[in-house]
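Have a look at the structure below, then the notes.
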Amino acid sequence: MYLDDIIITYIQSCVADSSKVRFKAKFSRDIGDILPYVNGALKDVIYNKNIPSLTLRKEFRIITLYKDQLAVSKAINETDAYDIIDELKELINNVHESRDKIEPLDEMRSKPTAIEIYSYLPKQNCRRCGEVTCIAFASKLLSGQQNVKRCLPLYEADYKEKLEVIEDFIQMMGYSS
Ligand code: SF4
């Protein structure tokens with residue numbers, strides 16, 4: 001078998017929705033060679049070959065695969081986490097088994113724009129993040145040069161849902177928040 005195991009290394013409540021959990025899990029081997037095949041086999045995923053990372057959705061859950069681990073947000077509970085792990089292990093092993101019939105794809109698929117990210121920021125231009133404007137902060141989030149945690153107003157109760165969307169964007173781009 002190509003991938004023997006996926007072991008959960010971290011699990012806790014989602015920041016923006018404490019009724020759900022987020023978790024990380026480690027692969028028993030490096031799967032970097034198979035990610036372009038997963039990208040070629042699946043539709044509606046975001047692939048970033050520079051990291052490399054590949055993000056897909058399972059209903060409301062967001063799943064990001066790296067070469068040595070995966071990160072999932074909005075899983076329902078621990079049982080759901082183990083179900084997701086089983087499905088991903090099967091997916092990765094199936095793709096590996098069928099790789100002769102799959103065209104690997106190195107192309108980076110669509111990702112959000114700075115304007116989209118900006119639309120969920122507080123738009124106060126308060127400079128607490130160290131940037132002159134919120135749009136500058138959005139651009140740096142997009143390129144992975146800023147951390148969402150530096151926007152303190154976003155962690156106020158009024159912005160809870162917007163924070164959740166931005167965290168989703170960040171995970172989809174393959175960055176960690
Ligand atoms: S801290 Fe947040 S609200 Fe303030 S400028 Fe930066 S991005 Fe905008």
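Whatever order the structure lists ligands and atoms in, that order sets their numbers, starting from 1.
- Inter-residue side-chain proximity for Leu3 and Ser28 is flagged as met; some heavy-atom pair is nearer than 4.5 Å.
- Within the 4.5 Å cutoff, the side chain of Leu163 has no heavy atoms near those of the Tyr120 side chain.
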Which atom pairs, donor and acceptor, lie under 3.5 Å between side-chain atoms of residues 29-37 and protein residues at least two apart or in another chain?
from	atom 1	to	atom 2	distance (Å)
Asp30	OD1	Gly32	N	2.7
Asp33	OD1	Tyr2	OH	2.6

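- Residues Phe137 and Leu121 are in side-chain contact: their nearest non-hydrogen atoms beyond the backbone lie under 4.5 Å apart.
- Using a 4.5 Å heavy-atom cutoff, the side chains of Lys74 and Glu59 are not in contact.
- Ordered by chain and number, Cys151 SG make up the set of protein N, O or S atoms under 2.8 Å of atom 2 (Fe) of ligand 1.
- Between Ile63 and Lys58, the closest side-chain pair of non-hydrogen atoms falls below 4.5 Å.
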